[in-house]
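What you see is a predicted model; the values in this text were computed from it and never measured. Just so it is clear, the values below take in all heavy atoms, side chains as well, and ignore hydrogens, waters and symmetry mates.
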Amino acid sequence: QVQLVESGGGLVQAGDSLRLSCAASARTFSVYVMGWLRQAPGKEREFVAAWRWNGDRTYYADSVKGRFIISGDNAKNTVYLQMNSLKPEDTAVYYCAASRRGNTYYDPGSYAYWGQGTQVTVSS
């Protein structure tokens, strides 16, 4: 199975940038999509961004489009989420996840493997 570990979260001010990293501790040959999802207190977990390895395709939620960039380093088995122009509404626990499916990246329930999450807090 795939094991994931997130890092890079923290407390920043609105307008600042952060880069989250997700390192896979196991082989990822069976993974088709790597995703970043987030959950704010009292809210449902929501899709943020995803990277389809086959075709090097990226997908973004409307709320982060133009501000966040997902990328990866296959040699290091690591996926990144560059977050720019952060807003207070971006505050959440961010989770890295991996899916064996290639077309359900928007659905949190479609991801088979999850990291423990990293807290991102954006103050005004």
Exercise. Evaluate side chain to side chain contact (heavy atoms under 4.5 Å, CB included) for Asp90 paired with Phe68, printing each intermediate quantity in order.
Key: CA-CA 11 Å; Asp90 294 319; Phe68 291 9; 3.9 Å; yes

Quiz item: For the side chain to side chain contact (heavy atoms under 4.5 Å, CB included) test, which of Leu81, Val64, Leu20, Val48 pairs with Ile70?
Solution: Leu81

Quiz item: Hey, does the side chain of Thr78 reach the backbone of Asp73 with a donor-acceptor pair shorter than 3.5 angstrom?
Solution: no

Practice problem: Taking the side chain as every heavy atom from C-beta outward, state whether Glu6 and Tyr94 have any atom pair closer than 4.5 Å. | Solution: no

Practice problem: Could you tell me which non-hydrogen atom of Ala14 sits nearest to which non-hydrogen atom of Ser124, and how far apart they are? | Solution: CB-CA, 4.4 Å

Quiz item: Do you reckon Leu86 sits in the same ILVMFWY cluster as Ile69, going by side-chain contacts under 4.5 Å, direct or chained?
Solution: yes

Quiz item: Can you name the closest pair of heavy atoms from Leu37 and Ala97 and give their distance?
Solution: CD1-CB, 3.8 Å

Quiz prompt | Heavy-atom check, side chain of Met34 versus side chain of Leu4, under 4.5 Å | solution = yes

Quiz item: Would Phe47 and Trp36 count as a side chain to side chain contact (heavy atoms under 4.5 Å, CB included) if you check the C-alpha gap in whole Å, the side-chain angles of each, and the deciding distance to 0.1 Å?
Solution: CA-CA 7 Å; Phe47 165 75; Trp36 285 98; over 6 Å; no

Side-chain donor-acceptor pairs of residues 105-115 under 3.5 Å, sequence neighbours excluded:
| from | atom 1 | to | atom 2 | distance (Å) |
| --- | --- | --- | --- | --- |
| Asp107 | OD1 | Gly109 | N | 3.0 |
| Ser110 | OG | Thr104 | O | 2.6 |
| Ser110 | OG | Thr104 | OG1 | 3.2 |
| Ser110 | OG | Asp107 | O | 2.7 |
| Tyr111 | OH | Tyr105 | O | 2.7 |
| Tyr113 | OH | Arg100 | NE | 3.1 |
| Tyr113 | OH | Arg100 | NH2 | 2.3 |
| Trp114 | NE1 | Tyr111 | O | 3.1 |

Quiz item: Going by heavy atoms in the side chains, are Val33 and Trp51 under 4.5 Å from each other?
Solution: no

Quiz item: Gly8 and Leu18: which non-hydrogen atoms are nearest, and at how many Å?
Solution: O-CD2, 3.7 Å

Quiz prompt | Close side-chain approach of Cys22 to Tyr80, heavy-atom, < 4.5 Å | solution = no

Self-check item: Within-4.5 Å side-chain heavy-atom neighbours: Ser7 and Arg19
Solution: no

Quiz item: Between Ser71 and Gln82, is a side chain to side chain contact (heavy atoms under 4.5 Å, CB included) present by the stated rule, with each step listed?
Solution: CA-CA 8 Å; Ser71 62; Gln82 178 66 44; over 6 Å; no

Quiz item: What residues form a salt bridge (charged side-chain N to carboxylate O under 4.0 Å, His left out) with Lys65, not counting sequence neighbours?
Solution: Asp62

Quiz item: So which heavy atom on Val122 is nearest to which on Lys87, and how close?
Solution: CB-O, 3.3 Å

Quiz item: Under 4.5 Å between any side-chain heavy atoms of Arg52 and Tyr32, yes or no?
Solution: no

Quiz item: Counting only heavy atoms not in Glu44, do more than 12 sit closer than 6.0 Å to its CD atom?
Solution: no

Exercise. Under the side chain to side chain donor-acceptor pair (under 3.5 Å) rule, what do Thr121 and Gln119 come out as? Steps first, then yes or no, please.
Key: CA-CA 6 Å; Thr121 302; Gln119 177 71 46; 3.3 Å; yes

Quiz item: Less than 4.5 Å apart, any side-chain heavy atom of Tyr95 and any of Gln39?
Solution: yes

